[in-house]
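Residue numbers run from 1 in the order of the sequence given.
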Amino acid sequence: QIAVTEAVVYFMTDKYLLGWPVSGTENKFKTWTLRNIYHNSFVIDDEVYLWEWDGGLEKIIGDSIQVLPGGEAFAKTTIRILTPLDEAGGTLIAGTVQQGFATYDGAKAEFIQLSPKLKSLLTQGSLSNSLRLPNGNFAFSTVGVGMILTDSDYQILQVLDDKTGLGNNQITDVFLDRSGNLWASTYDGISWSEFPSPYSFYSEKLGLTGNSQGSFHYRDALYVYGFTGIYQLSESTLGDTRTQFQFRGDILADRTAITTLMPLDDQLLIGSNGGISTINPISGRSENDKTYAYKGTEILRRSRFRQDLY
């Protein structure tokens, strides 16, 4: 690893930390011997923090490496990421391999209780880096499950992975540019993401197949219909791009091409190449079992003047 400050460039090897002065006449390295080969370095506000196994959270103070007060709490848990919790910078957040996230206020460490979903993702992937975004949210890059975006309380907002357009789920680093866009270095290249994006993209990777003809909301769910039938997504999961659309095989199970659709009280009026049907989308059954043989119906509309006329 390399850690760069205004005065010194630090090179971390398996056994040593080497410091090279940026300016001055002393053209030689300052050398510190490290405890073992398990260590990481971080630069925060032009100061160098270190983590060492059996040592914990440390800092270069003057010409020595010193364990910070309460830093021994990390002696047996690997710190992969270390970043300020807020703009004030008085508290740091550490991402560890063994125990998840912890805050450090300069005197003590407190480990954070994470949601089961975030715990599961971090178990599947290994943390590689993190960023505090301008709006206060976090971006956590992982080797295995892509990039996890959370709010300030560590609740998952979105996961960027190969299903949502990321080139690869193996992210080694993440960078926020001056326009607020996220750049991710992966095993097979670099991916760029506009964030926060005003759009969510749902495609075949998330369960939608064939050409979509239209969509509508009905009782807290989003329905998309087209040439391969009807698909449903719970409204509570909108924005979570890991959620799959579910094919409603109980509605026109033969994947009949649906060309038009309109909510009708507690039912749906469906126009398809098989005719016009009225179906309850909750149960998937037609309450009055009506199918009108108007094959090839393209458009359904309700009259503005008579509510019972279509």
Provide the closest heavy-atom pair for [X] versus [Y] in the form atom of the first, atom of the second, distance.
| X | Y | value |
| --- | --- | --- |
| G167 | S191 | N-OG, 3.1 Å |
| Q124 | V145 | CB-CG1, 3.6 Å |
| L160 | S193 | CD1-OG, 3.8 Å |
| I171 | M147 | CD1-N, 3.6 Å |
| G229 | I258 | C-CD1, 4.0 Å |
| E52 | N36 | OE1-N, 4.2 Å |

Pair [X]-[Y], side-chain donor/acceptor within less than 3.5 Å:
| X | Y | value |
| --- | --- | --- |
| T96 | R80 | no |
| E110 | T103 | no |
| N129 | D173 | yes |
| S185 | T172 | yes |

Would one find more than 12 heavy atoms of other residues, nucleotides or ligands at under 6.0 Å from atom [atom1] of [X]?
| X | atom1 | value |
| --- | --- | --- |
| Q98 | CD | yes |
| I61 | CD1 | yes |
| L309 | CG | yes |

Are any of the side-chain heavy atoms of [X] and [Y] separated by less than 4.5 Å?
| X | Y | result |
| --- | --- | --- |
| Y104 | L57 | yes |
| V159 | L149 | no |
| V224 | L233 | no |
| K76 | W53 | yes |
| L82 | I44 | yes |
| I93 | P84 | no |
| Y38 | T78 | no |
| L122 | F101 | yes |

[X] side chain to [Y] main-chain N or O, any donor-acceptor pair under 3.5 Å?
| X | Y | answer |
| --- | --- | --- |
| S303 | F305 | yes |
| T123 | K119 | yes |
| T83 | S130 | no |
| D177 | N181 | yes |

Quick check for you: to the nearest 0.5 Å, what is the distance between [X] atom [atom1] and [Y] atom [atom2]?
| X | Y | atom1 | atom2 | answer |
| --- | --- | --- | --- | --- |
| N168 | I190 | CG | CD1 | 12.5 Å |
| T5 | D46 | OG1 | CG | 5.0 Å |
| F245 | Q232 | CZ | CD | 9.5 Å |
| T150 | L121 | OG1 | CG | 11.0 Å |
| S212 | I230 | OG | CD1 | 11.5 Å |
| I156 | D151 | CD1 | CG | 10.0 Å |

Practice problem: Only counting residues at least two apart or in another chain, list the ones meeting ring-ring contact (aromatic ring centres under 6.0 Å, His included) with F138. | Solution: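 F138 satisfies ring-ring contact (aromatic ring centres under 6.0 Å, His included) with F140, Y154 only.
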
Quiz item: What residues, two or more places apart in sequence or in another chain, satisfy ring-ring contact (aromatic ring centres under 6.0 Å, His included) together with F111?
Solution: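 Partners of F111 by the ring-ring contact (aromatic ring centres under 6.0 Å, His included) criterion, ordered by chain and then number, come out as F74.
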
Practice problem: Taking salt bridge (charged side-chain N to carboxylate O under 4.0 Å, His left out) as the test, write out the residues that go with K59, two or more places apart. | Solution: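 Residues passing salt bridge (charged side-chain N to carboxylate O under 4.0 Å, His left out) with K59: E47.
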
Exercise. Go through the steps to decide whether L222 and S215 satisfy the test side chain to side chain contact (heavy atoms under 4.5 Å, CB included), and finish with yes or no.
Key: CA-CA 7 Å; L222 173 66; S215 63; 4.1 Å; yes

Quiz prompt | Other ILVMFWY residues reachable from F29 by side-chain steps of under 4.5 Å | solution = I2, V4, V9, F11, Y16, L18, W20, V22

Quiz item: Other than L17, which residues form its hydrophobic cluster under the rule that side-chain heavy atoms must be closer than 4.5 Å?
Solution: V8, Y10, M12, W32, L34, V43, V48, L50, I60, I65

Exercise. Measure from the ring center of F247 to the ring center of Y231 and say whether it is less than 6.0 Å.
Key: yes

Quiz item: Taking a hydrophobic cluster as the set of Ile, Leu, Val, Met, Phe, Trp and Tyr residues connected by side-chain heavy atoms closer than 4.5 Å, whether directly or through intermediates, do W192 and V174 fall within one such cluster?
Solution: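 Different clusters: W192 never reaches V174 through Ile, Leu, Val, Met, Phe, Trp or Tyr contacts under 4.5 Å.
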
Quiz item: Do L114 and I81 belong to the same hydrophobic cluster, where Ile, Leu, Val, Met, Phe, Trp and Tyr are linked whenever their side-chain heavy atoms lie under 4.5 Å apart, directly or via other members?
Solution: yes

Quiz item: For Q246, what residues pass the side-chain contact (heavy atoms from CB on, under 4.5 Å) criterion, not counting sequence neighbours?
Solution: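 Once residues adjacent in sequence are excluded, Q246 has no partner under the side-chain contact (heavy atoms from CB on, under 4.5 Å) criterion.
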
Quiz item: Please walk me through it: do Y49 and N40 pass side chain to side chain contact (heavy atoms under 4.5 Å, CB included)?
Solution: CA-CA 8 Å; Y49 292 79; N40 280 315; over 6 Å; no

Quiz prompt | Verdict with supporting geometry, I148 and L118, side chain to side chain contact (heavy atoms under 4.5 Å, CB included) | solution = CA-CA 9 Å; I148 306 168; L118 183 54; 3.9 Å; yes

Self-check item: Salt-bridge contact E58-R35 (side-chain N to carboxylate O under 4.0 Å)
Solution: yes

